[in-house]
Amino acid sequence: MNAFANGAGPARAALWGCLLSLAVVAPPSAFGDVKGLSKMAYGETKDGEAVDLYTLKNGKITVKVATYGATIVSIGAPDRDGKVEEVTLGFDSLDGYLGEHPYFGATVGRVANRIAKGKFTLDGEAYSLAINNPPNALHGGVKGFNRVVWKAEPVESPDGPSVKMTYTSKDGEEGYPGNLATTVTFTVTADDALRIDYEATTDKATPINLSNHAYFNLAGGADATMLDHELTLAASKYTPVDDTLIPTGAIEPVEGTPLDFRKPTAIGARIAQMEGEPGGYDHNFVLDSGGGKLAFAARVHHPKTGRVVEMSTTEPGVQFYSGNFLDGTNVGKGGLVYKKHYGLCLEAQHFPDSIHHPNFPDAVLRPGETYTQTTVYKFSAR
Ligand code: BGC
């Protein structure tokens, strides 16, 4: 016999009342009190590792981040009429991310961008990396930070819903020295911005360069290139590259070249002049801020919808990549075939191949030091 069958009417009513009020006051989050944050199972890797998808909502934007590759899977942002649509490239389910793709939305590391010939010497010791972008090493290797499952925990933050992802890359992983403990925290703030804070420590000196590889197209899931988007870059200089996209070591002015985006300019306006290798823009811009403090780096405006994304970063450089190698192989969200120039990347970074260029800002982390990087993508419409 249970208590309710024993004439315990008032107790039952009180219990129901209590349950009901709990239901009413409970926030719409899987995490009790982290408002605007929810979590769902996203599937499994081929090795059977569980992957979760976190949704962060604040202001007018919604951001989805998967624990596989600490990947930005989706950003929904309003146009000038308030219509919220997808503004990043990617897939409708985990399967797409597990397959071959050019780093859609992924966290890239331990070293984003290229290391010439995949070889370097540090503190007298020679290291060899996989040549996954012949003849160079690219974006952390064959199984970079974009291909591992990160641990995630919700974070109490006064700024908005926040999820902290952690991954420890073992000494020797992908050829790099030192156990590297890494955290990447995604926060969506009330002013419609996604802030990404990176931190890392190591027990042996190692090159490091963490970034995010989101592809933006502010047209909102349209079957269209981003060549009509207007770009502003706060960079008077860039690092010219050889024909394998490795910097020559020079730092040259953008003035008088098609890389001068100091005033808002349609990306397509001069891209024809870049049609030799690499078939568009794929360059490291030297930010006028010099790095070290959070400062304005770039703005992209889509005149048709009015959408704007403004990027600030603590990094000294940004790789502006105009999606030159998108060739229709990847079928993405809603069945959209991603063709050349369908998305653009603004990757905050230290300069490519810094390990071979003493005149570039130092990109080596040593024991006892803490690497930090903050990049903000703020959305608006006009
Ligand atoms: C690189 C490109 C590369 C792309 C996708 C960008 O960061 O600069 O050269 O093709 O990533 O891998």
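Just the heavy atoms: all of them, side chains too, but no hydrogens, waters or symmetry mates, feed the values below. In listed order, ligands and their atoms are each counted from 1.
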When distances are taken from atom 7 (O) of ligand 1, the protein heavy atom at minimum range is E347 OE1, 2.6 Å
Looking only at N/O atoms, are H139 and ligand 1 under 3.5 Å apart anywhere? yes
Atom 3 (C) of ligand 1 has as its nearest protein heavy atom R114 NH2, 4.0 Å
Here the atoms of ligand 1 under 4.0 Å from any heavy atom belonging to Q319 are 8 (O)
So the side-chain hydrogen bond (donor to acceptor under 3.5 Å, both in side chains) pairs with at least one residue in residues 114-124 (sequence neighbours excluded) are R114-N133, K119-S128, D123-R366
> What do the steps show when you test K57 against V188 for side-chain contact (heavy atoms from CB on, under 4.5 Å), and what is the final call?
Replying inline: CA-CA 7 Å; K57 280 185 190 205; V188 176; over 6 Å; no
Rounded to the nearest 0.5 angstrom, the OG-NE2 distance for S211 and H139 is 8.0 Å
A student checking ligand 1 against Y103 at a 4.0 Å heavy-atom cut-off should list atoms 12 (O)
Among non-hydrogen protein atoms, atom 10 (O) of ligand 1 lies closest to F325 CD1, 3.0 Å
Grouping ILVMFWY residues whenever side-chain heavy atoms fall under 4.5 Å, the cluster of V337 otherwise contains V331
If you scan protein heavy atoms around atom 6 (C) of ligand 1, the nearest is H213 NE2, 3.3 Å
At under 4.0 Å between heavy atoms, what of L245 touches ligand 1? The answer is side chain
- prompt: Ring centres of F351 and H357 under 6.0 Å apart?
  reply: no
Inspect the contact between E85 and K83 and indicate whether a charged nitrogen and a carboxylate oxygen are less than 4.0 angstrom apart.
yes
the protein heavy atom lying closest to atom 1 (C) of ligand 1 turns out to be D282 OD1, 3.6 Å
Query raised in the report: Can K304 and D79 be counted as an ion pair, charged N to O under 4.0 angstrom?
Result: no
